[in-house]
There are 2 protein chains.
Amino acid sequence: MNDKKEYTISEAAGIIGVSASALRYYDREGLLPNVRKVSGKRVFSEADIASLRVLECLKATGMSIRDIREYFDLARQGDATLEERYAIILRQKEIVNRQIAFLNDNLRELNRKEQYYKSILSTAAGSGHEGGRN
Amino acid sequence: MNDKKEYTISEAAGIIGVSASALRYYDREGLLPNVRKVSGKRVFSEADIASLRVLECLKATGMSIRDIREYFDLARQGDATLEERYAIILRQKEIVNRQIAFLNDNLRELNRKEQYYKSILSTAAGSGHEGGRN
DNA sequence: TCTTGTGTTAAACCGTACTTTAAGTCTTAC
DNA sequence: GTAAGACTTAAAGTACGGTTTAACACAAGA
């Protein structure tokens, strides 16, 4: 009946899939202002774990630690910053869409190279191809 | 009738969209072994420009400078390394596909957040939402 | 001739995101 | 009581991908 479990730093690290020292680093950088400290030790609540998941999501899309901190700071300021946070999410969505488009462009390049190698490799071995270029 | 233009380092930098110092760095790291030096100055051929484009493509998909150098080294060894290079391209394609899938996952997360903010912002201002979390 | 512009090098520096180290605290088990 | 194991801190170290700096070379134009 009690979902409100709490976690040690290494449990939290295991759940999120980062190292404990990374979590300490995030804390130092002000990204975990809600993590309580009981007798000097960090205690991660479910809400802290949820914050970490958001952090990982933003990080995965290329947002810097500093920008994530600013976003989290806004969140701590309450409803007055809702529009601002909404705008950040919309902007980050656009960034991700551009990243995906860019990767697709590069994937097409790789496909061309694949076809190139495939065609050379299929036309028998030892035809003399003047190598030396990429 | 002469396509075989040659370029100075700053022309090459302009064409590729990187800085001249980045090109010098690539050269230092062994990524531009074919760039000639005429009276101490680098001269970029069309083939060098083509190599730079491949370099940028691989870099854009997350391949490290070192791994790109290894790939280029293989290319300079000629046809004997065709299969190896083909394998590298296939592997890189998989890496890119995983990156795209990962970004799409994170995009879905951002979409959820967008909808969340949208719903709060639409249900009028000043309802008291207990902010403070991300 | 002298300045301007473009190139060169080696070596030092930079930002980002951590990781590692050293020294110490606290709890629990034996 | 003492050893182990998990936690703490500040500070230094690391990897990557460049950038910046300082000092110098060379060619063209006024």
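This one's a predicted model, so the numbers in the text were calculated from it and none came from an experiment. Letters A, B, ... are given to chains in the order of the sequence lines, protein chains preceding strands, and every chain is numbered from 1.
One atom, OH of A:Y7, and another, P of D:dA6, lie 19 Å apart when rounded to the nearest Å. Atom CG of B:D27 is separated from atom P of C:dG7 by 14 Å (rounded to the nearest Å). With rounding to whole Å, B:R36 atom CZ is found 16 Å from C:dG7 atom C1'. One can place CZ of A:R66 at 9 Å from P of C:dA17, the figure rounded to the nearest angstrom. Rounding to whole angstrom units, CD1 of residue A:I9 and C1' of C:dC18 are separated by 13 Å. Going from atom CD of B:E11 over to atom P of C:dT6 covers 11 Å, rounded to whole Å. Rounded to a whole Å, the CZ atom of B:R69 is 14 Å from the P atom of D:dG18. Between the C1' atom of D:dC16 and the CG atom of B:L31 lies a distance of 14 Å, rounded to the nearest Å.
The residues A:E114 and A:K118 are annotated as salt-bridged, a charged nitrogen and a carboxylate oxygen being separated by less than 4.0 angstrom. Remark: A:R53 does not engage A:E56 in a salt bridge, criterion side-chain N to carboxylate O under 4.0 Å.
Of the candidates D:dT19, D:dC16, C:dT8, D:dT19 carries the atom nearest the B:S19 side chain, counting heavy atoms from C-beta on. For B:K37, the side-chain atoms get nearest to C:dT8 when compared with the rest of C:dT8, D:dT19, D:dC7. Distance from the side chain of A:I65 is smallest to C:dA17 among D:dT19, C:dA17, C:dT19. Closest contact between the side chain of B:R42 and the listed nucleotides C:dG7, C:dT9, C:dC18 involves C:dT9. The side chain of A:S10 has D:dA6 as its nearest neighbour among C:dC18, D:dA6, D:dT19.
The shortest distance between the side-chain N/O atoms of B:R24 and the OP1/OP2 oxygens of D:dT20 is not below 4.0 Å. The shortest distance between the side-chain N/O atoms of B:S64 and the OP1/OP2 oxygens of D:dC16 is not below 4.0 Å. Residue B:K41 has no polar side-chain atom (N or O) positioned under 4.0 Å from OP1 or OP2 of C:dT9. Distances shorter than 4.0 Å separate some side-chain N or O of A:Y26 from OP1 or OP2 on C:dC18. In this model, the phosphate group of C:dT19 is not approached by any side-chain N or O of A:Y25 to a distance below 4.0 Å at OP1 or OP2. The side chain of A:S39 places no N or O atom within less than 4.0 Å of a non-bridging phosphate oxygen (OP1 or OP2) of D:dC7.
The residue among B:A20 and B:R28 whose nearest nucleotide of DNA chain C lies closer to the 5′ end is B:A20.
Around atom CD of A:E83, no more than 12 heavy atoms belonging to other residues, nucleotides or ligands sit under 6.0 Å away.
Of the listed residues (B:R36, B:R42, B:K37, B:K41), just one forms a salt bridge (Lys or Arg N to Asp or Glu O under 4.0 Å) with B:D27, and that residue is B:R42.
Note that the SG atom of B:C57 and the CZ atom of A:R108 stand 11.0 Å from one another [nearest 0.5 Å].
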